[in-house]
Amino acid sequence: MTDEETLDPHDWAALRALGHRALDDAMDYMESLRDRPAWEHAPAHVKARFDGPLPAGPQQVEDIYREYVEYVLPYQLGNSHPRFWGWVLGSGTPMGVIAEMLAAATDSVSGIYSFVSNNYVELQVLDWCKEMLGYPPGAGGLLTSGCSASNLIALAVARNAGAGFDVRGDGLAGALAGTGGAPRRLTVYCSAEAHSSLTKAVELLGMGTRSLRRVPTDDLLRIDLTALAGMVARDRDDGMLPICVVGVAGTTNTGSIDDLPALADFCEREGLWFHVDGAFGAWAAIAPASRHLVAGMERADSLAFDLHKWMNLTYPVGCVLVRDAEAQLRTFSLTPSYLAHGEGERGLTGVDVPWLSDYGFELSRGFHALKAWMALKEHGADKFGRVIQQNIDQARYLAGLVEATPELELALPVALNIVCFRYVPQAGGAAATADAAPDAPAPDAPTVDDAAARDAALDQLNKDIELELQERGIAVPSVSTIGGRKYLHVAVANHRSRYEDFDLLVREVVRLGGELTRV
Ligand SMILES: *Cc1c(COP(=O)(O)O)cnc(C)c1O
């Protein structure tokens with residue numbers, strides 16, 4: 001016996017028993033998701049629970065677990081539920097629970113040292129991602145905590161490769177060289193519909209929001225190629241230095257896919273870095289009947305995507321691939337003496353093997369690769385492809401239901417797996433009759449104000465339908481704005497959804513729409 005302290009349990013058997021119970025509970029939870037409400041808000045007394053003092057002394061692990069079960073477990077975002085389609089999220093898998101537990105058991109750190117197995121697991125996962133997405137085997141890459149980090153890493157490489165001065169040494173002050181005092185602004189182009197993480201990335205990279213040139217979109221919300229060419233030419237005339245164009249393979253709002261082959265051609269012609277943000281949409285590449293939708297993506301200089309969205313791996317895990325691995329290393333590799341790279345087997349051998357940490361900004365990372373490696377082996381790539389195709393087919397099925405329902409209106413044709421639609425009360429229906437709205441203006445004399453008031457009322461109605469669906473625990477769509485108007489947004493990236501869930505959604509939207517307009 002010693003009186004030195006450790007964080008290991010006094011009673012291993014008791015903790016082991018709790019561990020078994022927790023794993024059983026976790027499996028029960030996942031097995032019974034369909035019987036639970038799709039959404040539960042944390043009530044005030046639950047939120048108040050987290051105002052407690054810092055625990056100075058110990059608490060019983062059983063009590064901690066009970067508190068978790070009562071106050072944390074029920075109030076989740078709900079993204080594992082079969083009828084969760086809000087924003088764009090994945091829904092996780094039971095094997096992910098096991099993989100995360102195992103990664104925790106060895107307190108795995110990934111990215112440093114090249115001799116540990118974790119390193120090879122990650123390299124294997126990266127190779128599999130390249131193969132699935134048609135990307136060259138020699139490309140560099142890294143697993144990340146998500147597509148925001150992936151976009152940041154890719155744009156950092158694009159910036160350093162395109163600046164023409166030593167960004168690592170001089171920072172953006174290097175843009176002053178040879179200009180007689182006026183800095184040359186480095187500019188990046190993406191559509192108005194591209195993700196906000198790109199804005200954060202250019203800000204963090206010191207380039208400033210105004211360096212991210214938002215290009216208008218066409219009527220299908222894809223980047224307008226003529227407008228893009230015009231903006232690049234004008235910016236060059238104005239002394240700026242265009243370095244990169246971002247194409248989106250699946251926008252978060254509507255799933256729209258930019259014309260990737262045309263963007264690849266444009267970037268080649270103009271000597272610009274071509275980055276693709278394919279957070280979820282990139283995975284159309286493995287769906288048997290949908291590969292063509294993202295053709296051209298494989299020509300990108302860098303590619304950012306998630307594994308926790310449409311691939312349904314447990315949060316968090318994303319990935320970035322960079323065609324020119326050396327360019328990625330030139331941006332991030334840094335070897336202080338305390339991190340000198342050797343193979344490690346015989347101490348420092350002087351062999352300089354790049355560590356995965358040389359491909360990104362983080363040194364210590366979690367073992368994200370383990371759950372990806374296990375999941376791809378558990379199901380095989382073909383099954384992931386079929387599940388993704390199933391979601392695309394389900395989105396089209398929902399669009400068909402919407403089109404066949406007089407009270408529902410599709411915002412735009414479905415490009416991928418996102419359906420945006422709204423409820424519009426029917427003329428002659430309860431809400432539109434003179435009885436229900438005695439103060440309504442004469443229908444033969446509409447004014448601009450009438451139209452604006454009608455739009456605002458429709459927006460509010462659809463927002464209310466969203467809230468009712470969520471708060472009654474029926475289903476979770478979100479709301480997105482398209483052409484200035486509000487639409488229910490249903491992103492189908494959920495391996496648990498069934499066709500009948502979409503029948504139910506449509507029935508409930510029509511029922512709630514009727515309820516909410518019958519005053
Ligand atoms: C979700 C999303 C991101 C950000 O990914 P995170 O994993 O949430 O960081 C970037 N781009 C698009 C198109 C997205 O849908």
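When a ligand or atom number is given, it counts from 1 through the structure's own listing order. These values consider heavy atoms only, across backbone and side chains, with no hydrogens, waters or symmetry-generated copies.
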Once you measure the plane-to-plane angle for [X] and [Y], does it fall in the parallel (<30°), tilted (30-60°) or perpendicular (>60°) bin?
{"X": "Trp85", "Y": "Phe502", "answer": "parallel"}
{"X": "Trp39", "Y": "Phe84", "answer": "parallel"}
{"X": "Tyr499", "Y": "Tyr397", "answer": "perpendicular"}

Pairs under 3.5 Å, nitrogen or oxygen of ligand 1 with protein nitrogen or oxygen:
from	atom 1	to	atom 2	distance (Å)
ligand 1	5 (O)	Asp306	OD2	3.3
ligand 1	7 (O)	Cys147	N	3.0
ligand 1	7 (O)	Asp306	OD1	3.1
ligand 1	7 (O)	Asp306	OD2	2.7
ligand 1	7 (O)	His308	NE2	2.8
ligand 1	9 (O)	Cys147	N	3.4
ligand 1	9 (O)	Ser148	N	2.9
ligand 1	9 (O)	Ser148	OG	2.6
ligand 1	11 (N)	Asp277	OD1	3.2
ligand 1	11 (N)	Asp277	OD2	2.7
ligand 1	15 (O)	Thr252	OG1	3.0
ligand 1	15 (O)	Lys309	NZ	2.9

query = Do any pairs count as a side chain to side chain donor-acceptor pair (under 3.5 Å) and have a residue in residues 131-147, sequence neighbours left out, and if so which ones?
reply =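 Output for this query lists Thr144-Ser150.
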ask   = Are any side-chain N or O atoms of Arg34 and backbone N or O atoms of Arg496, one a donor and one an acceptor, separated by less than 3.5 Å?
value =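 A pair under 3.5 Å: yes.
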task = Tell me whether the centres of the aromatic rings in Phe384 and His379 are closer together than 6.0 Å.
result =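 Ring-ring flag for Phe384/His379: true, centres closer than 6.0 Å.
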